[in-house]
Amino acid sequence: MPELPEVETVRRQLTTLLRGRHVVDATSHPSEKFCSALEVVGSQLIDVRRRGKFLLIDLDDGRELIIHLGMTGVLRPTATGTLDDPYVRARWHFADGAGFEFRDVRRFGRIAVVSAGHYTGLLASLGPEPFDEAFTPQSLYEALRRSTQAVKTQLLGQRPVAGLGNIYADEALWFARIHPARHVVGRPAAARLHGAIRDVLRAGIDHGGTTLRDYQTVEGGEGGHQHHLACYGRGGLPCERCGRPLSRITVGGRTTTLCRSCQR
DNA sequence: CATGTCGCCTGCGAGC
DNA sequence: TGCTCGCAGGCGACAT
């Protein structure tokens with residue numbers, strides 16, 4: 001489940017692979033989620049950027065190719081001479097025969113082409129980038145105060161800050177000692193959460209992302225952050241802070257792990 | 001506008 | 001062994 005650290009890891013590797021390349025041909029799965037891939041034919045790929053969990057690939061003609069990896073999306077160079085992979089949803093070819101492809105078993109991912117900056121939906125209303133100076137303890141405090149939803153639900157909604165998913169939301173709330181179902185977050189707690197969000201995302205990026213099931217890098221490797229998780233997926237195991245077993249609950253319909261003792 | 005619910009997808013592991 | 005079922009879960013569409 002690619003979240004910001006995974007998408008950022010992919011972005012960095014993809015940049016090397018794509019920058020300056022000309023797309024001369026493309027194929028795609030017939031679903032309208034993926035068929036926009038064909039619109040890139042004839043364009044040059046200038047740069048790969050990221051906003052939240054979205055990859056934004058600048059084209060030379062004033063457009064952008066937007067790719068969301070969804071749950072199981074993988075971007076990788078197209079290997080020559082391999083058997084047909086039924087889960088490849090889009091494939092882009094360069095003039096020299098190389099290319100790259102989007103593999104997405106569960107088809108939760110999405111591909112779009114828009115004129116530069118003309119975003120719609122979630123991408124248009126995303127909260128600040130976590131490492132941008134616009135993301136501050138104060139901005140987080142004010143964003144969380146605007147809604148009465150549980151703090152974790154708000155974080156997953158991408159408005160207080162962009163890029164968190166279930167894994168890093170649980171991690172950040174554990175480090176900040178905030179109960180995920182809490183509805184009111186005061187200034188001190190918001191400041192702790194702000195720091196924790198940056199810390200867990202930074203660690204995730206430094207480890208190349210978290211590979212639990214499907215996530216893999218452009219180079220076909222795994223991330224390393226799964227060996228550093230303090231909370232997510234550790235229900236029943238002892239809390240690294242207090243030693244009591246971590247609990248599993250549901251918040252906003254999402255499986256959530258927390259320490260009932262440390263997180264209030 | 002804010003919030004809640006549903007549907008999208010498929011592989012995997014538990015249980016019978 | 002072979003089957004069913006629940007689960008993983010980000011996000012868009014839609015209803016209230």
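Residue numbers begin at 1 in each chain, while the letters A, B, ... track the order of the sequences.
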**Report entry** Lys53(A) side-chain N/O to dC11(C) phosphate OP1/OP2 under 4.0 Å
**Finding:** yes
Query raised in the report: Taking only N and O in the side chain of Arg254(A), is any of them less than 4.0 Å away from OP1 or OP2 of dG10(C)?
Result: yes
Query raised in the report: Do we see a donor-acceptor contact under 3.5 Å between the side chains of Arg107(A) and Ser31(A)?
Result: no
Query raised in the report: When you check the phosphate oxygens OP1 and OP2 of dG9(C), does a side-chain N or O of Tyr232(A) lie under 4.0 Å from one of them?
Result: yes
**Report entry** Residue met sooner reading DNA chain C from 5', once Leu123(A) and Arg106(A) are mapped to nucleotides
**Finding:** Arg106(A)
Query raised in the report: Arg107(A) near the nucleic acid: base, sugar-phosphate alone, or nothing, with a heavy-atom cut-off under 4.0 Å?
Result: sugar-phosphate
Query - Toward the 5' end of DNA chain C, by each residue's nearest nucleotide, Met71(A) or Arg110(A) - result: Met71(A)
Query raised in the report: Which hydrophobic side chains are connected to Ile66(A), either touching it within the sub-4.5 Å cutoff or through other members that do?
Result: Phe54(A), Leu56(A), Val114(A), Tyr119(A), Leu122(A), Leu123(A), Leu126(A)
Query raised in the report: Does dC11(C) have OP1 or OP2 sitting under 4.0 Å from an N or O in the side chain of His68(A)?
Result: yes
Query raised in the report: So, is Gln149(A) near the phosphate of dG4(B), with a side-chain N or O under 4.0 Å from OP1 or OP2?
Result: yes
Query raised in the report: Is the gap between the ring centers of His194(A) and Phe135(A) under 6.0 Å?
Result: yes
Query - Distance test, side-chain N/O of Ser147(A) to OP1/OP2 of dT3(B), below 4.0 Å - result: yes
Query raised in the report: Do Gln216(A) and Arg76(A) have a side chain donor and acceptor closer than 3.5 Å?
Result: no
Query raised in the report: Hey, does the side chain of Thr72(A) come within less than 4.0 Å of dC9(B)'s phosphate (OP1/OP2), counting only N and O?
Result: no
